[in-house]
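The next block holds one structure in the form of structure tokens; read it before the comments.
Computed from a predicted model, the values in this text were never measured in an experiment. Remember, it's 1-based here, ligands and their atoms both numbered in the order they're listed. Atom set for the values below is all heavy atoms of this structure, side chains included, hydrogens, waters and symmetry mates excluded.
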Amino acid sequence: MAEPIGLRDGNVSRGGGSGELRQSNLTAILRYLRDHGPSSRHDTARGCGLGVSTMTDLVGDLRSRRLVVELDPIRRPGAGRPTRPIALDGEPWCVMGVHVEVDRVHVHGATVGGTDLWRETLPAVFADNHDGATVLADLLGAQLDRIPEGHQLVAVEIAVPGYVGPDGMTVTSRALGWDGAGVGKAVRAALAEAGLTDVSVGISSDFHLAGLYAARVLLNDPSSTVAAYFGGMSEVGSALVVNGEIFRGAGGGAGDLAHLHVQADGPQCWCGRHGCLNSVVRIQELLVRAGLRDADEAAELVLTDPEQAVGLLVEGARANQPEVCHALDQAGSSLGRAVDDVLGSVNPHAVILGGYLGHLAPFLMPALDRQLRARVHEGPYADTQILVTDEDPPVTAGAVLAARDACLYDPLALTTPLR
Ligand SMILES: [Zn+2]
């Protein structure tokens with residue numbers, strides 16, 4: 001059977017043996033409980049297409065692994081026997097969500113069940129460091145001491161500002177000066193040195209994980225929704241999230257909507273192109289076009305205080321400064337052009353504007369709406385939702401979600417029966 005393209009986790013058909021069938025049934029139950037919260041066995045079995053006796057056996061296995069817990073009985077009025085709902089447990093199993101930035105690393109430890117264990121931000125020097133992968137691996141190795149007694153590490157997900165190789169283990173990042181850095185291998189080696197050989201290690205682009213988090217939090221029914229995400233602190237990043245999973249494409253590079261061409265003769269972007277969406281709507285560019293800073297000052301401010309940089313634009317727009325309003329109107333147009341192309345190529349249920357685009361959305365939306373007018377007139381696109389969140393992209397939270405998923409999608413390999 002052919003494998004579905006572009007989804008790394010949980011959507012891979014596992015043909016063949018009964019062990020694989022068992023694994024996919026266990027995962028179906030865990031996904032159902034993740035997406036629906038505490039549920040009756042009856043509803044869960046029906047939602048997963050499982051028979052009652054199979055369900056009893058599988059839930060028994062998941063309970064022995066502390067991945068599922070049976071809640072107190074609920075007695076419904078007029079009904080006979082009280083029923084005991086089941087819910088995700090996962091408390092003994094620990095995951096780490098990691099966000100690598102140019103000069104620091106954020107680490108967020110949590111349980112597979114979703115309880116926060118610790119958060120820490122560590123300074124790190126990566127720029128043009130040829131051995132950056134080892135620097136990161138050593139730093140994560142030292143974090144293993146933070147895992148509380150009685151918890152066992154099962155998965156690590158690392159968010160990087162760049163592209164992940166088709167093997168999912170190497171990183172190329174202009175921001176970090178890395179070209180095919182062997183992050184996966186180095187982190188696995190550091191874990192093995194600590195005696196942890198069965199830990200899942202995943203690496204994703206930071207914006208993929210921000211998009212994953214935004215889609216899971218904002219959409220009513222993420223597991224059957226297609227969403228396009230645009231966000232970022234000062235430059236645009238993007239992702240496609242299909243049925244609650246990052247859509248990665250053939251080589252891991254899908255969802256790179258931030259670098260769609262929107263202006264033939266636009267400024268140059270770090271990606272090497274002229275006139276891509278990011279090059280014309282990044283904060284640095286907007287500050288200059290709004291007459292708020294010259295080019296050097298804008299570059300400096302974005303680097304040192306991106307929040308203040310966004311704040312200057314918001315203030316100017318609220319005060320109706322003509323140059324600021326004009327710059328934001330143009331930016332809304334450019335964003336609208338990109339969104340219009342995304343609607344046509346992907347036909348998502350929702351487009352999510354987060355990060356600084358969420359903060360600026362009130363001033364971008366009129367021009368964006370104008371740009372979409374012809375498109376949303378057509379039936380297939382008429383119900384597309386444009387969702388705005390001004391929450392800053394919580395990349396580590398997205399990494400924790402992906403690490404928890406790794407355990408839910410491979411419970412037999414990553415957990416053991418505890419009783
Ligand atoms: Zn670009």
Side-chain angles (χ1 to χ4, degrees), residues 100-102 127 159-166 171-180 204-211 214 228-241 246-290 293 295-296 298-303 306 309-310 313 327-328 330-346 348 351-361 364 367-368 371 393 395:
V100 180
E101 292 193 283
V102 173
V160 293
Y163 294 102
V164 181
V171 177
T172 296
S173 164
R174 282 168 206 244
L176 297 174
W178 292 1
D179 183 9
S204 297
S205 140
D206 47 7
F207 290 116
H208 279 180
L209 291 168
Y229 172 81
F230 293 87
M233 287 289 278
S234 61
E235 305 235 353
V236 186
S238 55
L240 283 175
V241 182
I246 296 164
F247 182 81
R248 297 174 194 270
D256 206 12
L257 319 173
H259 304 280
L260 287 170
H261 280 108
V262 293
Q263 190 182 320
D265 56 349
Q268 190 171 17
C269 176
W270 62 260
C271 71
R273 297 171 186 81
H274 285 267
C276 69
L277 175 65
N278 180 56
S279 79
V280 295
V281 309
R282 60 187 162 176
I283 290 293
Q284 186 180 331
E285 188 68 21
L286 294 182
L287 286 173
V288 174
R289 272 199 274 147
R293 290 288 186 277
D296 290 343
E300 174 70 16
L301 183 61
V302 162
L303 215 58
V310 178
L313 288 160
L328 292 179
Q330 281 188 322
S333 252
S334 299
L335 181 60
R337 239 169 264 143
V339 169
D340 185 33
D341 287 348
V342 172
L343 296 199
S345 49
V346 188
V351 174
I352 301 171
L353 303 181
Y356 85 86
L357 293 173
H359 287 282
L360 295 178
L364 303 174
L368 189 148
Q371 211 66 44
V395 174

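Shown are the protein N/O/S atoms under 2.8 Å from the Zn ion (ligand 1), given by residue and atom: His259 ND1, Cys269 SG, Cys271 SG, Cys276 SG.
Taking the side chain to side chain contact (heavy atoms under 4.5 Å, CB included) definition, one finds that Ser334 meets it with Val262, Leu277, Val280, Val281, Arg337, sequence neighbours left out. Annotation: side chain to side chain contact (heavy atoms under 4.5 Å, CB included) contacts of Ala290 (sequence neighbours excluded): Leu292, Leu313, Val324, Ala327. Evaluation of the side chain to side chain contact (heavy atoms under 4.5 Å, CB included) rule for Ala309 yields Ile283, Leu287, Leu301, Val302 as partners, not counting sequence neighbours.
Ring-plane geometry between Tyr163 and Trp270 is classed as tilted, the angle between the planes lying from 30 to 60 degrees on a 0 to 90 degree scale.
Contact of the Phe230 side chain with the Val339 side chain is registered, since non-hydrogen atoms from C-beta on lie closer than 4.5 Å. Looking only at side-chain heavy atoms (C-beta outward), Val100 and Val171 stay at 4.5 Å or farther from each other.
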